[in-house]
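Contents: one structure, followed by commentary.
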Amino acid sequence: MSLDGVYIVARWIHFSALYLMFGISIYVECLTPGAFRPVSRARTRLLLHGCTVAACAGAGVLLCLQAGQMGNGWPDAFDPSTWLAVLDTSFGRVWRWQLGLSGLAFLCVLTGPGRQRHGILPVLSALMLLCMAFVGHAASHKGYVNVIAGFNQAVHLFSGAYWMGCLIPLFWTMAYLKTAHRQDVIRTHIRFSNIGHFAVIAVVVSGLVNIGLV
């Protein structure tokens, strides 16, 4: 497969992992009532950790692939000196944060105490997602248009990640509707739905703005 083809696949995997990491952590830690939260955590823990590891690995892989694209193909994708050169570009200055946040998320999953991990992962996933708003086509503009494009892309990413990332834990927790947790599940789903209406509108509107800017 060509370098560009691998980059497209790697970027899709990275975005998917970030979306799920953000959505699951927000659904469990922000939408789920306290009494049901331990059950929801246990149900989604393996997927959340897997997505976190995939997002962290993806950040490193995308740096290598970006180096290959900016350089002379596959040889530069494996050249540390080219990686350092890429980190000095506008992309690289944002990606330094992505790599640092990814490292913290990885350590949090591996070694962090449970209570701290539960509170930190939603914040880290949000910051990692925010970094993606300032690379790619959204960062290709100049002046005030660049600020508008970055803000709009952030809205697009957060609203999309909320809607799509929360769907899996939502479906999984439906299994508890016939248990003693029924009221907590219903309350969680109502909270998701109330915000979800605005998230869908935000995805559509910000997507149209992106089209106009591009």
Side-chain angles (χ1 to χ4, degrees), residues 1-23 48-109 121 123-165 202-203 206-214:
M1 185 181 293
S2 67
L3 179 63
D4 289 341
V6 174
Y7 182 83
I8 291 172
V9 173
R11 188 173 171 84
W12 181 83
I13 293 174
H14 186 244
F15 263 108
S16 298
L18 276 179
Y19 269 40
L20 285 172
M21 180 185 173
F22 176 80
L48 176 60
H49 288 186
C51 290
T52 302
V53 172
C56 296
V61 170
L62 285 176
L63 172 64
C64 298
L65 295 174
Q66 188 71 39
Q69 288 187 321
M70 291 184 175
N72 295 311
W74 284 112
D76 282 328
F78 299 99
D79 183 4
S81 64
T82 309
W83 303 344
L84 294 176
V86 171
L87 290 174
D88 279 332
T89 64
S90 57
F91 166 87
R93 285 187 284 274
V94 174
W95 213 250
R96 293 174 190 175
W97 287 96
Q98 184 72 276
L99 292 171
L101 293 167
S102 296
L104 288 175
F106 185 71
L107 290 175
C108 186
V109 166
L121 277 182
V123 176
L124 291 177
S125 63
L127 292 174
M128 291 167 69
L129 200 59
L130 182 62
C131 287
M132 302 303 293
F134 297 97
V135 295
H137 68 82
S140 63
H141 306 280
K142 302 294 183 182
Y144 72 92
V145 178
N146 189 55
V147 176
I148 295 173
F151 175 79
N152 183 73
Q153 183 70 354
V155 171
H156 190 72
L157 291 174
F158 281 121
S159 53
Y162 173 84
W163 176 255
M164 297 179 65
V203 167
S206 59
L208 292 174
V209 172
N210 272 338
I211 292 173
L213 290 172
V214 172

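Every heavy atom of this structure was used, including side-chain atoms; hydrogens, water molecules and symmetry mates were not.
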What pair of heavy atoms forms the shortest contact from Cys56 to Ala105, and how long is it?
SG-CB, 4.1 Å
Val53: which residues meet the side chain to side chain contact (heavy atoms under 4.5 Å, CB included) condition with it, sequence neighbours left out?
Phe106
For Met128, the option from Thr52, Leu101, Val123 that meets side chain to side chain contact (heavy atoms under 4.5 Å, CB included):
Leu101
Give me each pair satisfying salt bridge (Lys or Arg N to Asp or Glu O under 4.0 Å) with a member in residues 143-157, each pair once, sequence neighbours excluded.
none
Tell me, do Arg11 and Met132 make a side-chain contact under 4.5 Å, heavy atoms counted?
yes
Write out all pairs satisfying salt bridge (Lys or Arg N to Asp or Glu O under 4.0 Å) with one or both partners inside residues 12-21, taking only residues at least two apart or from two chains.
none
Please identify each residue that fulfils ring pair (Phe, Tyr, Trp, His ring centres under 6.0 Å) with Trp83, with sequence neighbours left out.
none
Between Ala202 and Val155, the two heavy atoms sitting closest are CB-CG1, 4.0 Å
Can you name the residues that form a side-chain hydrogen bond (donor to acceptor under 3.5 Å, both in side chains) with Ser206, not counting sequence neighbours?
His156
Got a sec, which residues hit salt bridge (Lys or Arg N to Asp or Glu O under 4.0 Å) with Arg96, two or more places apart in sequence or on another chain?
Asp88
Of all residues at least two apart in sequence or in a different chain, which pass the side-chain hydrogen bond (donor to acceptor under 3.5 Å, both in side chains) check with Ser81?
Asp79
Leu65 and Ala10 have their tightest heavy-atom pair at CD1-CB, 3.7 Å
Side chain to side chain contact (heavy atoms under 4.5 Å, CB included) with Leu129: which residues, sequence neighbours excluded?
Leu18, Tyr19, Phe22, Leu157, Phe158, Ala161
Can you measure from CE (Met21) to OG (Ser125) and round to the nearest 0.5 angstrom?
5.0 Å
Do Phe91 and Met70 come within less than 4.5 Å of each other through their side chains, counting heavy atoms only?
yes
If the condition is side chain to side chain contact (heavy atoms under 4.5 Å, CB included), which residues does Ala77 pass it with, not counting sequence neighbours?
Trp74
Non-neighbouring partners of Ala59 that pass side chain to side chain contact (heavy atoms under 4.5 Å, CB included), sequence neighbours left out:
His14, Trp95, Gln98, Leu99, Ser102
Asn152 side, atom CG; Leu208 side, atom CG - distance, nearest 0.5 Å:
9.5 Å
Interatomic spacing from CG in Leu124 to SG in Cys108 - rounded to 0.5 Å:
6.0 Å
Does any pair with a residue in residues 62-76 pass salt bridge (Lys or Arg N to Asp or Glu O under 4.0 Å), and if so which ones, sequence neighbours excluded?
none
Scan residues 59-71 for pairs that pass side-chain hydrogen bond (donor to acceptor under 3.5 Å, both in side chains), counting only residues two or more places apart or in two chains.
Asp4-Gln69, Tyr7-Gln66
Tightest non-hydrogen contact, residues Val86 and Ala67, listed as CG2-CA, 3.5 Å
